[in-house]
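Comments concern the structure below.
Throughout, protein chains are lettered first and strands after them, A, B, ... in sequence-line order, and every chain is numbered starting at 1. Here the structure is a predicted model, which is why all the values come from computation and not from measurement.
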Amino acid sequence: MTALTAELGAIVAAAFEAEGLAGTFGRVQLSDRPDLAQFQCNGALAAAKQAKTNPRAVAEKIAARLKTQPMFAKVEIAGPGFINLVLTDAALEGRAAKIASAPASPNGKSAVIDFGGANVAKPMHVGHLRSSVIGDSLQRLFRANGWTVTSDVHLGDWGLQMGQLISEIGHRGIAPIYFDENYRGPYPKDSPITMEDLEEIYPAASAACKAEPARLEEARRATAELQAGRPGYRALWEHFFEVSKVGLEREWGSLGVHFDLWKGEASVDRLIPALIAMLKDKHIAEESEGALIVRVAEPGDKKEMPPLILVKSDGAVNYATTDLATILDRVAEQDPDLILYVVDQRQHLHFEQVFRAARKAGIAGKAMLEHAGFGTMNGTDGKPFKTRAGGVMKLYDLIAMTTAEADKRLHEAGIGADYPAEERADIARKVGIAALKFADLSNFRLTDYVFDLERFTRFEGKTGPYLQYAAVRIQSILRKAGDEGFVAADPLIRSDEERALVLHLLVLPEKLAAAEDNRAPNILCEYAFELAQKFSRFYAEHHILSESDAGVRAARLGLCALTLAVLIKVLDILGIEVPERM
RNA sequence: GACCCCGUAGCUCAGCUGGAUAGAGCAUCGGAUUUCUAAUCCGGCGGUCGCAGGUUCGAGUCCUGCCGGGGUCGCCA
């Protein structure tokens, strides 16, 4: 489905060219003044500026040519030289029917999207919510727009926290066999520690390292030994990974987030020696203060650019190194056009360093490297979201809390009182997740936002539940229409409400493109909300099932079906499910 | 100290590569219902776009400086 503005833009561009002006002036956009027009072209102003003539005169010439096109109901010049365009209802109707049925045709481009970023052995917390929700939405969006996407969870499983865990377990004497240097294996198949153990051990280990420098030193040594391949530590690490994965899959599963690859820092470990050798050979890497570094500062830099630390003075690598190796891995495996990192904005400098090093080393292939950062989720006090006790809230608890709130709302509204308990629970879950995701996605990525459960779960206003409700109502109408044996036909425009709704439906491709260009799902949130509003307006003004004229009824049913299809498509890109009924 | 992000209505936030009268939700005030799910719809109220300069025919948007909030700055991720 080509965007309508692109179709119009081509026509207007031809008009400019016919006047001996550059076609690029013909760009058409949605009107800023919906009361005056549907679309507009501002090119006459720019063209006149360049040609040093009167913008209105240029606009007049273009408009005269456009008026010969039968698709325009109105071509007007306004203000200093805006060309306002209104399409005929027939032109709108003719394009409407096709909008939802258009499948994504492959665009020949591929992307690796790196998000999730949970750590092995640490429970997911609210900080992982944004990466998961935004990243998942972007992978759905890119796929919907024809990209070949490979999503990778990129687990944090190779850094200091692994050494901290190992040394803590060593201290506790839980599994001595893994620490026996004379033991030659094999190691037990079953993990000596459970997920619950890990949730307790990691904070303890982390605290110990903070309190005692000697413990930190020990953890560093264990990290370096793990990375050097000490068998007992590797075996222990395998257990950490497997045990953690079960828990992480469960949590992402409840959010409806899936990854194509469950790789992590450790999975590129094998590539690191060659990477380092290559960087040394090319004299990109150099020794400094006992560490091996890559200088990434460039002459024009406005800010200080610290070097990237490839190998720490204790011999261990850190995540800059694994990130570089991961680029190598992705180029070898997927050779993508784009690698997109959906990671907290606070890591922006890190990515800049990695990207520069990758460019210097020439390892990124044809891939554009891009960091799509995001801001933090704050509490109502404006500070990073915490539990009442002041601790970090686990994602699991956050989801449980949201689901419970959704359930409460449903109960208060008397919804589903007569539904089976199982269905009610399913609705509460979907509504809770929708509330959470929509709230997160409807803010622009980079801005921080305030978590307000009460507000997010409301059915009124710009919320996930409102959108679900709108979709459910349409489903209800279509179900009843089916019961009555009514059939749908292509939509017709017979009123302002219908015209506004059809026009909005037609604008979907523009919004999908804009959301992709800006890596900004909030554009789709806005679109979906406006769609639901425009539908509600239409719905309030027109009867559908009780309409006696079968033709009108069929056209309105068609408009309902089309709206539903688009709404569901957009909600799906946002990762929001619509219940059958609610 | 340097750099990055943010500062728009009472509150929470949009505003795409500068364009016509700065938008939405909530709150508030008023109206619509023998509902195809009113969990809805319609209307009113509400803003010196942090401040001061600059570029431009035109600036919330671009540039400079300042103020305020958050963040980052060589061996954590």
Side-chain angles (χ1 to χ4, degrees), chain A residues 27 29-33 35-36 40 42 45-46 48-49 55 78-82 84 117 119 156 158-161 164 206 209 220 265 288-293 301-314 316-320 322 343-350 352-353 373 375-376 378 382-384 409-410 412-415 439 442-444 446-450 452 455 458-463 465-466 468-470 472-473 475-477 480-481 510-511 513-515 517-518 520 522-523 525-526 529-530 533 536-537 539-547 560 581-582:
Chain A
R27 201 176 64 91
Q29 59 182 276
L30 295 177
S31 178
D32 293 328
R33 293 286 303 271
D35 53 320
L36 299 181
Q40 67 183 30
N42 298 348
L45 282 85
K49 189 175 192 173
F82 301 109
N84 283 336
N119 294 305
W158 208 230
L160 183 64
Q161 78 270 27
Q164 288 176 323
S206 172
C209 289
R220 285 190 198 283
E265 298 163 347
S288 171
E289 297 173 31
L292 190 67
I293 65 162
D301 283 346
K302 284 205 298 190
K303 60 190 165 194
E304 296 166 40
M305 184 60 61
L308 177 147
I309 308 241
L310 209 54
V311 183
K312 300 189 283 184
S313 48
D314 63 8
V317 297
N318 61 21
Y319 80 138
T322 54
V343 180
D344 194 309
Q345 180 66 11
R346 283 175 290 194
Q347 294 191 32
H348 191 73
L349 180 61
H350 159 73
E352 179 123 31
Q353 290 177 292
T376 58
N378 294 334
K383 291 177 184 155
R409 292 286 175 139
L410 293 170
E412 281 169 2
I415 296 163
S442 57
N443 291 302
F444 180 64
L446 285 170
T447 54
D448 298 342
Y449 75 99
V450 176
D452 184 342
R455 185 160 57 84
R458 281 208 276 247
F459 290 96
E460 314 83 40
K462 210 180 277 185
T463 68
Y466 168 88
Q468 288 175 314
Y469 171 69
V472 162
R473 273 162 114 197
Q475 283 172 172
S476 174
I477 294 167
K480 284 189 175 151
E510 276 84 354
K511 299 298 178 180
D517 290 346
N518 297 291
N522 65 303
I523 290 174
C525 290
E526 192 66 30
F529 180 70
E530 281 176 23
Q533 267 189 328
S536 289
R537 229 161 268 168
Y539 177 84
E541 292 298 320
H542 303 287
H543 275 259
I544 299 160
L545 298 177
S546 58
E547 170 59 50
C560 288
R581 56 178 186 171
M582 59 191 272

Side chain of A:D448 (C-beta onward), nearest among B:U12, B:A77, B:G70: B:G70

Separation of the P atoms in B:C41 and B:A24, to the nearest angstrom: 13 Å

With A:E510 via salt bridge (Lys or Arg N to Asp or Glu O under 4.0 Å) - residues at least two apart: none

Nucleotide opposite B:C3 in a Watson-Crick or G-U pair, distances under 3.5 Å: B:G71

Nucleotide of B:C36, B:G74, B:C13 approaching A:P306 most closely (side-chain heavy atoms): B:G74

Separation of atom NZ in A:K480 from atom C1' in B:U37, rounded to whole Å: 7 Å

Whole-Å distance separating the CD atom of A:E526 from the P atom of B:G15: 8 Å

Separation between the C1' atoms of B:C6 and B:G60, rounded to whole Å: 14 Å

Nearest-nucleotide pick for A:F444, side chain only, options being B:C4, B:C36, B:G15: B:G15

Whether A:Q353 side chain and A:P307 backbone form a donor-acceptor pair below 3.5 Å: yes

Length of the CD-C1' vector between A:E352 and B:G74, whole Å: 16 Å

Euclidean distance, atom CD of residue A:E530 to atom P of B:G15 [Å, nearest integer]: 12 Å

Phosphate-side-chain proximity, A:Y449 and B:A14, N/O vs OP1/OP2 below 4.0 Å: no

Same-atom distance (C1') from B:A20 to B:U12, integer angstrom: 29 Å

Sugar-phosphate, base or nothing in reach of A:A78, heavy atoms under 4.0 Å: base

Touch class at under 4.0 angstrom, heavy-atom based, for A:I293 against every strand present: base

Side chain A:D448, main chain A:T376, donor-acceptor under 3.5 Å: yes

Nearest-angstrom distance from the residue atom CG of A:N518 to P of B:U61: 18 Å

5' priority, RNA chain B, between A:R455 and A:Q40 [closest heavy atom]: A:R455

Check: A:S536 side chain, B:C41 base, donor-acceptor under 3.5 Å: no

Span that lies between the C1' atom of B:C26 and that of B:A9, in whole angstrom: 12 Å

Among B:G19, B:C75, B:U37, the one nearest A:R220 by side-chain distance: B:C75

Touch class at under 4.0 angstrom, heavy-atom based, for A:L160 against every strand present: sugar-phosphate

Sugar-phosphate, base or nothing in reach of A:T376, heavy atoms under 4.0 Å: nothing

A:Y466 and A:F529 aromatic ring geometry - parallel, tilted or perpendicular at 30°/60° bounds: tilted

Sugar-phosphate only, base, or nothing, as touched by A:A291 at under 4.0 Å among non-hydrogen atoms: base

Separation between the P atoms of B:G25 and B:G71, rounded to whole Å: 33 Å

Where A:K511 and A:I523 come nearest, the two heavy atoms and their spacing: O-CG2, 3.9 Å

Side-chain donor/acceptor of A:Q161 to backbone N/O of A:G156, under 3.5 Å: yes

Sugar-phosphate only, base, or nothing, as touched by A:M582 at under 4.0 Å among non-hydrogen atoms: base

Side chain proximity check, A:S536 to A:R473, heavy atoms < 4.5 angstrom: yes

Sugar-phosphate, base or nothing in reach of A:Q533, heavy atoms under 4.0 Å: sugar-phosphate

A:K511 side-chain N/O to B:C16 phosphate OP1/OP2 under 4.0 Å: no

Below 4.0 Å: OP1/OP2 of B:C36 and any side-chain N or O of A:S546: no

Under-4.0 Å side-chain N/O to phosphate OP1/OP2 contact, A:S31 with B:A20: no

Touch class at under 4.0 angstrom, heavy-atom based, for A:L349 against every strand present: sugar-phosphate

Interatomic distance, A:Q347 CD vs B:C76 P [rounded to whole Å]: 14 Å

Sugar-phosphate, base or nothing in reach of A:R458, heavy atoms under 4.0 Å: sugar-phosphate

Residues which pass salt bridge (Lys or Arg N to Asp or Glu O under 4.0 Å) with A:D517, listed by chain and number, not counting sequence neighbours: none

Side-chain donor/acceptor of A:N84 to base of B:A20, under 3.5 Å: yes

Touch class at under 4.0 angstrom, heavy-atom based, for A:N522 against every strand present: sugar-phosphate

Sugar-phosphate, base or nothing in reach of A:S313, heavy atoms under 4.0 Å: base

Pi stacking test for A:H348 and B:C5: under 5.5 Å apart, planes under 30°: no

Aromatic stack A:F529/B:G25: centroid gap under 5.5 Å, interplanar angle under 30°: no

Upstream residue (5' side of RNA chain B) when A:K462 and A:E265 are each assigned their closest nucleotide: A:K462

Touch class at under 4.0 angstrom, heavy-atom based, for A:V472 against every strand present: base

Between B:C11 and B:G46 - C1' atom distance, rounded Å: 12 Å

Spacing between A:E460 atom CD and B:U28 atom C1', to the nearest angstrom: 15 Å

Least distance between heavy atoms, A:N522 atom then A:S442 atom: CB-O, 3.4 Å

Aromatic stack A:Y539/B:C36: centroid gap under 5.5 Å, interplanar angle under 30°: yes

Base B:A77 to side chain A:Q161, donor-acceptor N/O within 3.5 Å cut-off: no

Whole angstrom value for the distance that separates P of B:C57 from CZ of A:F82: 15 Å

